[in-house]
Amino acid sequence: MPVPLLDLREQYRPLRDDILTAITRVCDSQQFIGGPEVAALEGELAAFTRVPHAIGVSSGTDALLVAMMALGIKAGDEVITPTFSFFATAGCVVRLGATPTLVDIDPVTFNIDPTAIERALSPRTKAIIPVHLYGLCADMDPILEVANRAGLAVIEDAAQAIGSTYRGRQAGAMGTAGCFSFFPSKNLGAFGDGGFVTTHDEKLAHEIRLLRNHGAEPKYFHLRVGGNFRLDALQAAVLRVKLPFLARWTDMRRLNAERYDRLFAEAGLSRASGGPIDLPVHPADRTHIFNQYVIRVPDRDRVRERLSAKGIGTEIYYPVPFHLQECFASLGYRRGDFPAAERAAAEVLALPIYGELTADQQWEVVSALRDATR
Ligand SMILES: *Cc1c(COP(=O)(O)O)cnc(C)c1O
């Protein structure tokens, strides 16, 4: 039985009529840019993430970019990011002419190592971007403590972490700004690209709204050089149908994660049961939303090929840490600089975890892994 990494058709099926009705509503109105759908979605997202301001934007990448622009990050500034994340986290820093100061990850959670941040500080440091990778929040309290002491902004890359919590606080509600993505594979996916930024700071929210529309206020009078970072009304309408189901879909992912944990233990494959596979951790002070269920497995590439031969979809998030990316060669890092990230890049493997995955499919994945690791 083939098991795809992600299959969104089952999620779509029961919502099809409501989604097509919502799309038709926008088509009938012929209002495609801004308007009531975007404004309503922003209110609903603010309520969901428990922050006063949520600003819809064109992608998760643009959420990071516009948040940094609004915070005035510019050439000569340094921004601390983990070296192990999706490219956009550091790419946006470089696009603004600033320099990413890379730090290693905690090998257990895959998130930025808070103890490494202190050593990366310089008089030019302006911000820290912790990433809540795979849907598990970074260890925010020590990060916020360093940031407060040094007067730095904290931009949460919460692209994979909508609804995730840390010590009772929501992802995207802890820092200066939170950046989210509606890329279709995220827990709340649009029918195309989209994203949003959250903040408690009314002035910052205003600045972001300004910048997402070429810095114009009023129309054609430009206070800033911004860009077109707007969220489409069509995407907003689709997302408004989906948002009420997000908590349930996340619960389904969490139950699937528990089932994998159990199956891997029963099969003697997990580290705790004497096997070779490290399962994802979920510390008691956080809720993991399992955008990805990522294991570590020795001889990963060979294991992945064997799974693929059986029709089991997997992915590597991410095979190359930032410090070894060709386009960042001028930053001057070398292999060996960040051993935890390098080891993760060589060992991680994301398994199918979407909500509609069945118990039989999960059993199929585990039994294929048993054969592949023998
Ligand atoms: C998906 C993602 C982004 C970028 O989001 P897009 O909507 O694809 O631009 C940024 N950071 C992380 C960690 C992501 O997973």
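Heavy atoms only: backbone and side chains are in, while hydrogens, waters and symmetry mates are out. Atoms within a ligand are numbered from 1 in the order they appear, just like the ligands themselves. Numbering starts at 1 and runs along the sequence shown.
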Output, or 'none' if empty, a list of ligand 1-protein atom pairs in which both atoms are N or O and the distance is under 3.5 Å, rounded to 0.1 Å.
residue  : atom   : partner : partner atom : Å
ligand 1 : 5 (O)  : S181    : OG           : 3.3
ligand 1 : 7 (O)  : G60     : N            : 2.7
ligand 1 : 7 (O)  : S181    : OG           : 2.6
ligand 1 : 9 (O)  : G60     : N            : 3.4
ligand 1 : 9 (O)  : T61     : N            : 2.8
ligand 1 : 9 (O)  : T61     : OG1          : 2.5
ligand 1 : 11 (N) : D157    : OD1          : 3.2
ligand 1 : 11 (N) : D157    : OD2          : 2.8
ligand 1 : 15 (O) : Q160    : NE2          : 2.7
ligand 1 : 15 (O) : K186    : NZ           : 3.0

State whether the side chain of R286 and the backbone N or O of C137 hold a donor-acceptor pair below 3.5 Å, judged by distance alone.
-> yes
Does anything in residues 60-73 pair up under side-chain hydrogen bond (donor to acceptor under 3.5 Å, both in side chains), and if so which pairs, sequence neighbours excluded?
-> S58-D62
Do R149 and E145 meet the salt-bridge criterion of a basic N to acidic O distance under 4.0 Å?
-> yes
Tell me, which pairs form a ring-ring contact (aromatic ring centres under 6.0 Å, His included) where one or both residues lie in residues 197-235, sequence neighbours left out?
-> none
Would you mind writing out the side-chain donor-acceptor pairs for residues 89-99 within the sub-3.5 Å range, not counting sequence neighbours?
residue : atom : partner : partner atom : Å
T89     : OG1  : S85     : OG           : 2.8
T89     : OG1  : F86     : O            : 3.1
T89     : OG1  : D157    : OD2          : 2.9

Counting N and O atoms only, with roles assigned by atom type, does the side chain of E44 sit under 3.5 Å from a partner on the main chain of R240, one being a donor and the other an acceptor?
-> no
